[in-house]
Amino acid sequence: MSGSPLILFVGGHDPSGGAGLQADIETAAAFDCQACSLVTCLTTQDSRDVQALHPQPAAQFARQLDLLLADVQPRAVKIGLLGDAAVARVLADRLTGLKLPVILDPVLAAGGGSPLAGRELVETLRDDLLPLTTLLTPNRYEARRLSGQTQPDRCARSLMNAGCQGVLLTGADESEGERVHNILYHAGGRVEFEWPLLPHSYHGSGCTLASACACQVAQGQALPDAARVAQQFTQQALAGATRPGRGQHLPRRRQTP
Ligand code: PLP
């Protein structure tokens, strides 16, 4: 499968341009994929941190999702910031039975530190969305919070027991020394990846990685190749990042994967 597959991106809007649906659309363009974008919430934020979430009313979200799914046939769905349990429940309900590859970035906190998900949303992610997920892309903190486990292998096993088919566990949020360790867990086993730790703090790195995974999966790649190419793309985007504001660096996604 190749060409320009259509991907449905479901996530938040980040006006600073680093994360969220803008990261998704820029990544899709770099991978020559088509993007549909469905807003879960607006946000009040700058390149330093998120100050507030403004979820779309769940009924309005449902109406737009139903219209889209009656109209187009995406090859994959990528889910980012949900912001609201009612919106998450609508999404899980509509994705049930569709048999689409789902890439889920469980955004629970901003890089700047602000929490982005409460207990009800975490439960909905775990109970309703994990069973529909092809690849979950948590950082260490998100994996612990979703699984209730502490050790990385146990976190991944628990998340896969909850129903997702693969976990790309990223380590930049808790890296030690000069290297970042990411681990892919999937039906075929466990694959370790190591990358140089880049010097800055970045806004939208997780969105970029998960979106690149979605593009690769939509283009027919198996999880190990998809995860490797997506990480390479993200490393390059971070290596070329710029700092247009006073906060974190923003990835440069205008590149050929
Ligand atoms: N805002 C939106 C809309 C997001 O989707 C995300 C992360 O996915 C963030 C903010 C936080 O981004 P970061 O953790 O890279 O700071």
Side-chain angles (χ1 to χ4, degrees), residues 7-28 35 37-56 61 77-84 87-88 91 102-118 121-122 125 129 133 135-146 168-175 180 182 197-215 230-231 233-235 237-253:
I7 302 175
L8 171 58
F9 293 100
V10 181
H13 179 251
D14 167 14
S16 83
L21 288 169
Q22 184 166 331
D24 297 333
I25 295 166
E26 289 178 8
T27 304
S37 52
L38 178 50
V39 176
T40 55
C41 57
L42 300 178
T43 65
T44 306
Q45 65 176 300
D46 60 13
S47 59
R48 290 177 280 204
D49 201 6
V50 179
Q51 294 184 4
L53 301 182
H54 313 283
Q56 193 173 178
F61 174 85
V77 180
K78 185 257 167 176
I79 305 169
L81 177 64
L82 286 161
D84 180 56
V87 165
L91 182 59
V102 173
I103 312 323
L104 174 59
D105 180 17
V107 183
L108 303 185
S114 288
L116 298 176
L121 177 52
V122 171
L125 278 164
L129 281 166
T133 296
L135 181 64
L136 183 76
T137 61
N139 60 26
R140 302 280 165 124
Y141 161 75
E142 290 160 345
R144 284 198 300 274
R145 190 150 166 227
L146 274 177
L168 177 57
L169 179 62
T170 62
D173 61 324
E174 293 177 8
S175 56
V180 174
N182 298 337
L197 179 65
L198 296 170
H200 306 295
S201 159
Y202 302 93
H203 185 48
S205 52
C207 306
T208 305
L209 176 66
S211 295
C213 287
C215 293
Q231 288 171 82
F233 177 81
T234 305
Q235 269 279 319
L238 300 185
T242 54
R243 189 170 182 240
R246 297 178 189 179
Q248 298 166 303
H249 282 64
L250 307 191
R252 185 180 190 279
R253 290 170 283 253

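Note that the structure is predicted; figures quoted are calculated from it, not measured. Ligands are counted one by one from 1 in listed order, and the atoms in each one are counted from 1 as well. Residue numbers count from 1 along this sequence.
- Checking Arg243, Arg48, Gln45 one by one against His203, the side chain to side chain donor-acceptor pair (under 3.5 Å) holds for a single residue, Gln45.
- For the residue pair Gln22 and Glu26, a side-chain donor N or O sits within less than 3.5 Å of a side-chain acceptor on the partner.
- Here atom 4 (C) of ligand 1 lies nearest to Gly20 when heavy atoms of Ser16, Gly20, Gly18, Gly83 are compared.
- At least one heavy atom of Ala110 sits closer than 4.0 Å to an atom of ligand 1.
- Tested against Thr137, the residues Leu104, Asp105, Val107 include a single side-chain contact (heavy atoms from CB on, under 4.5 Å) partner, Asp105.
- Distances from ligand 1 to the non-hydrogen atoms of Cys207 include at least one value under 4.0 Å.
- Considering both main-chain and side-chain atoms, His203 comes within under 3.5 Å of ligand 1 through a nitrogen or oxygen pair.
- Which parts of ligand 1 touch Gly12 is read off a 4.0 Å heavy-atom cut-off, strictly below it: atoms 3 (C).
- A donor-acceptor pair under 3.5 Å links the side-chain atoms of Asp173 to the main chain of Tyr141, judged by distance alone.
- Judged as a salt bridge (charged side-chain N to carboxylate O under 4.0 Å, His left out), not a single pair has a partner in residues 9-19 (not counting sequence neighbours).
- Nearest non-hydrogen protein atom to atom 14 (O) of ligand 1 is Gly111 N, 2.9 Å.
- Under a 3.5 Å cut-off, the side chain of Ser37 and the backbone N or O of Phe9 do not form any donor-acceptor pair.
- Remark: ligand 1 atoms within the under-4.0 Å shell around heavy atoms of Leu81 are 2 (C), 3 (C), 5 (O).
- Taking only non-hydrogen atoms, the option from Gly206, Gly112, Ala19, Gly204 nearest to atom 15 (O) of ligand 1 is Gly204.
- Shown here are the side-chain contact (heavy atoms from CB on, under 4.5 Å) partners of Val122, two or more places apart in sequence or in another chain: Leu108, Ala117, Arg126, Arg145, Leu146.
- Proximity to Val50 (heavy-atom distance under 4.0 Å) selects the following atoms of ligand 1: 10 (C).
- The distance criterion of under 3.5 Å between nitrogen or oxygen atoms is not met by Asp14 with respect to ligand 1.
- Of the protein's non-hydrogen atoms, the one nearest atom 1 (N) of ligand 1 is Gln45 NE2, 2.8 Å.
- For Thr133 (side chain) and Val102 (main-chain N/O), no donor-acceptor pair under 3.5 Å exists by modelled atom type.
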